[in-house]
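Working notes for the structure below.
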Amino acid sequence: MGLSQALSAALAGVTATQQALSVISGNVANANTPGYVEESVGQVALSTVGQSGVSVDTTGINRNLNTLLQSQLWTETSGGSYADTTAQLYQQLQQIYGTPGSSSSFSGIYSNFTTALQALSSSPSSYSAQTQVVGAAQSLTQNLNGMTGTIQQLRTQAEQGIATDVQTANNAIAQIAQINQQLGAAPPDSATATLEDQRDQDITQLSKLMNVSVVKGANNQISVYTANGQQLVSGVNPSTLTFGNVGTLTATTLWNANPSQDEAGTITLTSPGGTQIDLVAENAISSGEIGAYLQMRDTVLPQAQSQLDELANQMSQSLSNQTTSAGTYTSGAQSGFSVDIGGVLPGNSLQITYTDSGAVQHTVTVVALGQGGTLPQQSASANPNNPTIGIDFSGGVNAVATQLNAALGTNLQFSNSGTVLQVVNRGSSNAVNSLSATTTATSFTSGSAQLPMFLDGTQPITGALTPAGSQTTGLAGRISVNSALIASPSSLVAYASGTASGDSTRPNFILNQMTSAALNFSPTTGIGSTSTPYSGTLTNYMSQIVSQQSQAANAATNLQQGQDTVVSALQQRFNDQSGVNINTEMSNLIALQNAYGANARVMSTIQQMMSMLLQSVT
């Protein structure tokens with residue numbers, strides 16, 4: 001190697017070392033900067049004809065990044081954010097049930113009510129006992145009202161959280177696309193590495209909000225997708241998210257995939273080309289903070305509400321519903337039953353059992369619908385021999401008979417006489433086994449123990465189905481003690497004119513229904529199933545509610561703790577592999593200083609040799 005080549009190699013070494021020293025200086029200065037990835041100088045050996053590795057050149061700035069670990073960290077960050085948000089909302093939800101065993105808890109307030117009923121059962125004529133029952137019933141309904149209010153506040157909190165997160169997500173999406181554009185023709189220098197760090201931070205922010213996947217493209221650009229493949233960023237083109245924030249939510253403002261029935265906000269993605277996609281309907285966001293808010297707003301909290309609504313519904317109807325068995329009825333050679341249905345209200349029902357020509361027994365439940373009301377879709381697993389059908393009762397009994405003939409006329413024949421509905425078998429090979437009508441007591445002096453103790457505002461509670469939905473939806477927020485009972489507590493005893501003040505018939509009935517009666521609860525509440533609905537007392541059902549919600553809250557807390565551990569461990573591994581290690585940087589600094597000194601000595605030696613060479617020539 002000639003002196004000029006040696007000088008050139010030494011000079012290149014000094015230049016490369018200076019760049020490396022500058023990078024180390026930047027690494028040390030940014031050791032505590034969030035999202036900063038350790039940088040290094042890329043170097044290649046240069047060769048001449050017949051000789052290899054005689055010099056060195058730099059190829060730009062490299063980021064010492066473990067991309068697989070980074071992708072895992074983004075995924076788990078999304079899961080961690082989901083777990084944190086879910087656990088937080090569950091803990092707030094738990095507060096509405098109160099501390100178990102406390103007199104102010106959900107179960108404690110109900111226990112106060114049943115205790116007052118026991119006192120009334122022992123002393124029916126006691127005015128004090130009567131007023132205590134009314135007061136305890138008011139405390140119970142007010143507690144249900146308050147619990148409903150808190151659940152809807154939490155749903156509103158989730159709604160506002162989604163609105164804020166969508167704005168944050170839009171900012172991150174736009175910044176990722178902007179950085180993609182800046183990186184398109186950028187050289188591999190420190191400024192480029194800084195832009196990549198910023199872009200990774202934007203992706204991290206986005207992953208906290210929703211589960212995303214990142215695909216590396218050409219020219220150092222990336223594309224970002226939702227979990228189900230909806231594109232959020234395509235190179236330099238960002239999509240836009242919009243959220244139809246409805247503000248304050250109530251028990252009846254529920255999200256629905258059908259836009260015409262949707263009462264809560266939905267998230268719409270608009271692609272650069274203008275195509276719009278409902279991300280909620282597509283289930284595109286299942287993790288991250290937004291995923292948690294959607295899950296709580298649309299599933300967890302509505303189910304908690306439906307459990308309270310069903311409790312309020314069953315509590316009321318178990319006191320006011322009265323079933324009347326039909327009398328026998330014959331028409332020529334045909335036989336059957338007849339029952340007066342003049343008092344049937346929307347939500348009340350008829351029960352018909354019959355045996356068909358194949359000796360198969362059928363049990364039909366006929367639900368009275370108001371004008372425009374429809375039954376909810378029945379489960380495919382429902383027993384076809386025990387159908388539930390809806391009949392519009394708004395047109396009178398004659399219209400009811402016509403509709404029943406259309407629905408069941410193959411085996412049965414219906415007619416009416418005034419408000420009395422009559423049914424007989426059609427043909428000699430089948431038979432009507434029974435007919436009954438369940439109606440709602442609307443008077444305190446009907447002559448029966450049943451009473452309208454609770455109302456939906458001023459309306460009787462029947463579970464009526466209207467075009468606006470079921471009366472049961474949100475009932476816990478509206479249920480109240482009948483004002484007529486508040487004005488006259490003696491109605492807790494007097495079920496007919498002339499009832500003795502010490503008659504315990506009605507107090508015993510109320511106590512039995514509230515503590516011992518076995519009731520069937522709707523499986524839509526998440527307690528029980530369609531094939532085996534939960535059956536038990538109101539007290540047992542309440543325990544099921546508290547237990548289920550407590551277990552769900554504990555599961556959410558356990559998930560949070562586990563997920564936080566995973567995220568923390570991955571973050572530590574990522575920092576160890578891609579972050580700045582001061583000890584390593586100091587070690588590299590010493591090595592570079594030695595290399596710089598060696599190259600400087602070579603240059604100094606060459607200078608001396610050239611001086612000596614010139615002196616010898618002269």
Side-chain angles (χ1 to χ4, degrees), residues 317-318 321-370 373-441 448 450 462-465 517-523 529-533 535:
Q317 292 203 49
S318 68
N321 280 2
Q322 47 191 0
T323 298
T324 303
S325 297
T328 58
Y329 171 75
T330 58
S331 177
Q334 297 169 299
S335 61
F337 300 90
S338 66
V339 66
D340 192 331
I341 62 172
V344 170
L345 300 174
N348 291 161
S349 62
L350 307 178
Q351 295 78 39
I352 306 169
T353 61
Y354 69 92
T355 303
D356 64 21
S357 58
V360 176
Q361 183 166 302
H362 301 256
T363 300
V364 182
T365 300
V366 179
V367 176
L369 303 176
T374 57
L375 284 178
Q377 185 174 358
Q378 297 184 54
S379 170
S381 61
N383 188 338
N385 293 326
N386 301 325
T388 297
I389 62 175
I391 298 296
D392 185 352
F393 272 59
S394 63
V397 180
N398 187 52
V400 169
T402 300
Q403 294 174 74
L404 287 172
N405 279 323
L408 304 171
T410 302
N411 295 284
L412 305 174
Q413 183 175 346
F414 296 87
S415 59
N416 73 287
S417 176
T419 60
V420 175
L421 179 69
Q422 303 158 161
V423 57
V424 294
N425 60 307
R426 184 180 290 276
S428 58
S429 58
N430 56 13
V432 184
N433 305 123
S434 67
L435 170 66
S436 63
T438 299
T439 58
T440 300
S448 67
Q450 285 78 9
T462 63
L465 299 168
L519 307 173
N520 294 321
F521 296 85
S522 171
S529 63
T530 302
S531 57
T532 56
S535 178

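Quick note: numbers below take in every heavy atom, side chains included, and nothing from hydrogens, waters or symmetry partners. When a residue number appears, it is its place in the shown sequence, counting from 1.
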Does [X] reach the side chain of [Y], with side-chain heavy atoms less than 4.5 Å apart?
{"X": "Ser335", "Y": "Val424", "value": "no"}
{"X": "Leu519", "Y": "Ser318", "value": "yes"}
{"X": "Thr532", "Y": "Pro523", "value": "no"}
{"X": "Leu369", "Y": "Phe393", "value": "no"}
{"X": "Val364", "Y": "Ile389", "value": "yes"}
{"X": "Arg426", "Y": "Asn411", "value": "no"}
{"X": "Leu465", "Y": "Thr374", "value": "no"}
{"X": "Ile341", "Y": "Thr419", "value": "no"}

Subject >> Criterion side-chain hydrogen bond (donor to acceptor under 3.5 Å, both in side chains) on Ser415 and Gln422, from CA distance to verdict >> reply: CA-CA 5 Å; Ser415 59; Gln422 303 158 161; 2.7 Å; yes

Can you find a side-chain donor-acceptor pair between [X] and [Y] that sits under 3.5 Å?
{"X": "Ser325", "Y": "Ser436", "value": "no"}
{"X": "Ser448", "Y": "Gln322", "value": "yes"}
{"X": "Thr439", "Y": "Asn321", "value": "no"}
{"X": "His362", "Y": "Asp356", "value": "yes"}
{"X": "Thr324", "Y": "Asp340", "value": "no"}

Under a 3.5 Å distance rule, please check whether [X] uses its side chain to pair with a backbone N or O of [Y] as donor and acceptor.
{"X": "Ser417", "Y": "Val420", "result": "no"}
{"X": "Asn433", "Y": "Thr355", "result": "yes"}
{"X": "Thr438", "Y": "Thr323", "result": "no"}
{"X": "Thr402", "Y": "Asn398", "result": "yes"}
{"X": "Gln403", "Y": "Asp392", "result": "yes"}
{"X": "Thr353", "Y": "Ser434", "result": "yes"}
{"X": "Asn430", "Y": "Ser357", "result": "no"}

State the [atom1]-[atom2] distance between [X] and [Y], to the nearest 0.5 angstrom.
{"X": "Thr363", "Y": "Tyr354", "atom1": "OG1", "atom2": "OH", "answer": "9.5 Å"}
{"X": "Ser331", "Y": "Asn425", "atom1": "OG", "atom2": "CG", "answer": "10.0 Å"}
{"X": "Leu350", "Y": "Phe414", "atom1": "CG", "atom2": "CZ", "answer": "8.5 Å"}
{"X": "Leu375", "Y": "Thr388", "atom1": "CG", "atom2": "OG1", "answer": "7.0 Å"}

For residues [X] and [Y], report the shortest heavy-atom separation together with the two atoms involved.
{"X": "Thr365", "Y": "Ser349", "value": "CG2-CB, 4.3 Å"}
{"X": "Gly427", "Y": "Gln334", "value": "N-NE2, 3.9 Å"}
{"X": "Tyr329", "Y": "Phe337", "value": "CB-C, 3.7 Å"}
{"X": "Leu435", "Y": "Leu421", "value": "CD2-O, 4.3 Å"}
{"X": "Ala326", "Y": "Val339", "value": "CB-CB, 3.8 Å"}
{"X": "Pro346", "Y": "Thr462", "value": "O-OG1, 2.5 Å"}

Subject >> Full working for side-chain contact (heavy atoms from CB on, under 4.5 Å) between Asn348 and Thr440 >> reply: CA-CA 7 Å; Asn348 291 161; Thr440 300; 2.9 Å; yes

